[in-house]
Asker: 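Structure incoming, see below.
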Number of protein chains: 2
Amino acid sequence: MRDHLTARGHERREQLLSVAATLFAERGYHPTSVADIVTALGVGKGVFYWYFSSKEELLVELLRSSHHELRKRQQAAIGDEPDPLRRIELGIRASLAWFRAHRDYFSIIQLAATDERFAPVLRGNEDVALADTARHVKDAVADGVIADLDPLMLARAIHGVIGRLTRDYLIERDEPIELVADLAVAFCLRGLNP
Amino acid sequence: MRDHLTARGHERREQLLSVAATLFAERGYHPTSVADIVTALGVGKGVFYWYFSSKEELLVELLRSSHHELRKRQQAAIGDEPDPLRRIELGIRASLAWFRAHRDYFSIIQLAATDERFAPVLRGNEDVALADTARHVKDAVADGVIADLDPLMLARAIHGVIGRLTRDYLIERDEPIELVADLAVAFCLRGLNP
DNA sequence: CCGGTCGTTGACAGCGCGGTAAAGGCGTCC
DNA sequence: GGACGCCTTTACCGCGCTGTCAACGACCGG
């Protein structure tokens, strides 16, 4: 791979990331060969290794960038909302909306979670997201509006709900976001209440 | 593989299942080769194919039997408890206890979920477990003790919480079950309440 | 129009894997 | 004791994969 790319090179790189993301999500990481990726793009195999040093590196890049975008979306949704419970609600809704709009990335995160090589990256991403949620929970505890339980554990419970409902209703089925989001929010906020 | 085994043959088969489960949980499915499994047992490769027609078949067997045992444990814990909410609580505690005692199987279920070949088996297992939970939720709705929301969706939310807390606190860390179970139960039961 | 960097090609090497098969031991029952 | 069926061994096949390489094109500044 190279560090300085022309406009054309940049585009090729994006094309590779995009088509790889689609194929990974459809068929998984192992079953998708580098040959599959370049063939789908209609280019030679060397192109891949011009932009990435390995298939592994490409997936790591996919994980990093998707996490970055999800995080941006969440922060934009939350803004400067003062009420911590409302921040949690907005975060939940933003996550569901983003995953729905980027199903491929959700699937890729799922499949990377079971591979030792990618678990560290994923763990890092998750820790950041969990800390965010836990902070809102802690604020709510400080305000005395919810029970005083371990904020991090509550954050993990919330993320468990989001992950499961996303997978079952937004990825596998195609339910409207509001329907799912309303139940997720209701379940989680009640779950927090004393 | 053969259908009629002697006592010795039966034992070999169990040994293969057991050592394979350990290796799969540690290193994943793909990275664990058939050669690894038989070497860990100190036998020749042909032994494996005497008892199983493929590596794939062995994993399916692992998924089936573990689901069966988990289910038994849940039903034993629930017994004939009349209160649906209490049944849910007992089910949650039983699941956490079983997964804690059988971490390998939890990991194996996770890794099988991202492989197209095993997803159908897993989906079948999950549907059974979800239907169980959803039935208790429905009973609770009929009793008028919780809000009237989609029971299946609530069941999935509960399973999301269980899965996530199991992974983060019972598999990766080694927290005491009660600590985790108490929070899981509190979060889920409050989440159901109107 | 020319040189150099960026981009691309596709054949090929090398490896590790799942799965096979032929041949050999070992227990058991007549 | 011998014959049969359960169990085990090990060398081997074929495949598909990642990653390499040497040569070739294409764009661009001068």
Side-chain angles (χ1 to χ4, degrees), chain A residues 1-24 26-63 108 111-112 114-118, chain B residues 1-24 26-63 108 111-112 114-118:
Chain A
M1 71 293 196
R2 289 289 175 279
D3 29 358
H4 283 325
L5 298 174
T6 66
R8 178 190 171 196
H10 225 88
E11 194 181 354
R12 258 283 186 272
R13 195 183 134 94
E14 292 302 317
Q15 287 175 343
L16 283 166
L17 283 166
S18 168
V19 69
T22 307
L23 291 176
F24 286 163
E26 267 176 14
R27 296 142 61 165
Y29 178 73
H30 272 289
T32 302
S33 68
V34 173
D36 289 337
I37 297 169
V38 294
T39 300
L41 247 180
V43 298
K45 203 170 183 182
V47 169
F48 186 96
Y49 290 97
W50 179 259
Y51 295 101
F52 301 97
S53 63
S54 68
K55 200 172 95 169
E56 187 173 333
E57 193 202 88
L58 182 143
L59 181 47
V60 170
E61 170 73 28
L62 241 27
L63 293 175
I108 289 167
L111 92 230
T114 61
D115 193 309
E116 275 188 347
R117 288 169 295 179
F118 309 115
Chain B
M1 69 293 195
R2 288 291 177 279
D3 29 357
H4 283 325
L5 300 174
T6 67
R8 179 188 172 197
H10 225 89
E11 194 182 354
R12 260 282 186 271
R13 197 184 132 93
E14 291 302 316
Q15 287 175 342
L16 284 165
L17 284 166
S18 168
V19 69
T22 305
L23 291 176
F24 286 163
E26 267 176 15
R27 296 142 61 166
Y29 178 73
H30 272 289
T32 302
S33 68
V34 173
D36 290 337
I37 297 169
V38 293
T39 300
L41 246 180
V43 298
K45 202 170 179 182
V47 169
F48 186 96
Y49 290 97
W50 179 260
Y51 296 100
F52 301 97
S53 62
S54 67
K55 198 173 98 171
E56 188 174 333
E57 193 203 88
L58 181 143
L59 181 47
V60 169
E61 170 73 27
L62 241 27
L63 293 175
I108 289 168
L111 97 229
T114 60
D115 193 309
E116 277 188 348
R117 288 170 294 179
F118 309 115

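All heavy atoms count here, side chains included; hydrogens, waters and symmetry mates do not. Proteins come first, then strands; the chains are lettered A, B, ... in the order of their sequence lines, and each starts at number 1.
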Asker: So, does the side chain of B:Lys55 form a donor-acceptor pair with the base of C:dG19 at under 3.5 Å?
Answerer: no

Asker: What I'd like to find out is whether the side chain of B:Ile37 reaches to under 4.5 Å of the side chain of B:Leu41, using heavy atoms alone.
Answerer: no

Asker: Report yes if at least one side-chain N or O of A:Arg12 is closer than 4.0 Å to OP1 or OP2 of C:dC6; otherwise report no.
Answerer: no

Asker: Has B:Trp50 got a side-chain N or O lying under 4.0 Å from the OP1 or OP2 atom of D:dC7?
Answerer: yes

Asker: Whole angstrom is fine here: how far is it from CD1 in A:Ile37 over to P in D:dC17?
Answerer: 11 Å

Asker: Would you check if B:Val43 and B:Arg12 make a side-chain contact, meaning some heavy-atom pair closer than 4.5 Å?
Answerer: yes

Asker: If you check every side-chain atom of B:Thr6, which of D:dT18, D:dT9, D:dC7 has the closest atom?
Answerer: D:dC7

Asker: Quickly work out the A:Leu16 CG to C:dT9 P distance and round it to whole Å.
Answerer: 11 Å

Asker: Just N and O in the side chain of A:Tyr49: are any of them under 4.0 Å from OP1 or OP2 of C:dT8?
Answerer: no

Asker: Whole angstrom is fine here: how far is it from CG in A:Leu41 over to P in C:dT9?
Answerer: 10 Å

Asker: When you check the phosphate oxygens OP1 and OP2 of D:dT18, does a side-chain N or O of A:Ser54 lie under 4.0 Å from one of them?
Answerer: no

Asker: Determine, for A:Phe24 and A:Lys55, whether the Lys NZ or Arg CZ falls below 6.0 Å from the six-membered ring centre while staying within 45 degrees of the axis.
Answerer: no

Asker: Side-chain N or O of A:Arg13 less than 4.0 angstrom from OP1 or OP2 on C:dG7?
Answerer: no

Asker: Can you measure A:Lys45 atom NZ to D:dT20 atom P for me and round it to whole angstrom units?
Answerer: 11 Å

Asker: Are the side chains of B:Leu17 and B:Glu14 in contact, using a 4.5 Å heavy-atom criterion?
Answerer: yes

Asker: Which dot-bracket string describes DNA chain D (Watson-Crick N1-N3 plus N6-O4 or O6-N4, or G-U N1-O2 and O6-N3, all under 3.5 Å; [ ] crossing; | other strand)?
Answerer: |||||.||||||||||||||||||.|||||

Asker: Give the rounded distance in Å between these two atoms: NE2 of A:His10 and P of C:dC6.
Answerer: 15 Å

Asker: Between D:dT8, C:dT9, D:dT18, which nucleotide gets closest to the side-chain atoms of A:Ser33?
Answerer: D:dT18

Asker: Give a yes/no on whether any side-chain N or O of A:Arg8 is located under 4.0 angstrom from OP1 or OP2 of D:dA26.
Answerer: no

Asker: Rounded to the Å, how far apart are B:Leu5 CG and C:dT28 C1'?
Answerer: 17 Å

Asker: Would you say B:Ser53 reaches C:dG19's phosphate, i.e. side-chain N/O to OP1/OP2 under 4.0 Å?
Answerer: no

Asker: Could you tell me the separation between the CZ atom of B:Phe48 and the P atom of C:dC17, rounded to a whole number of Å?
Answerer: 14 Å

Asker: Would you compute the distance between atom OG1 of A:Thr32 and atom CG of A:Leu23 and round it to the nearest 0.5 angstrom?
Answerer: 5.5 Å

Asker: Nearest-nucleotide wise, let me know which of A:Gly46 and A:Val34 is further upstream toward the 5' end of DNA chain D.
Answerer: A:Val34

Asker: In this structure, how many angstroms lie between the C1' atom of D:dT18 and the CZ atom of A:Phe52, rounded?
Answerer: 16 Å

Asker: Say whether B:Thr39 and B:Asp36, considering side chains only, have a donor N or O and an acceptor N or O under 3.5 Å apart.
Answerer: no

Asker: If we only count heavy atoms from C-beta on, is the B:Tyr29 to A:Thr114 side-chain gap below 4.5 Å?
Answerer: no

Asker: Decide yes or no on side-chain contact (heavy atoms from CB on, under 4.5 Å) for A:Leu5 and A:Tyr51, but give the supporting numbers first.
Answerer: CA-CA 9 Å; A:Leu5 298 174; A:Tyr51 295 101; 3.8 Å; yes

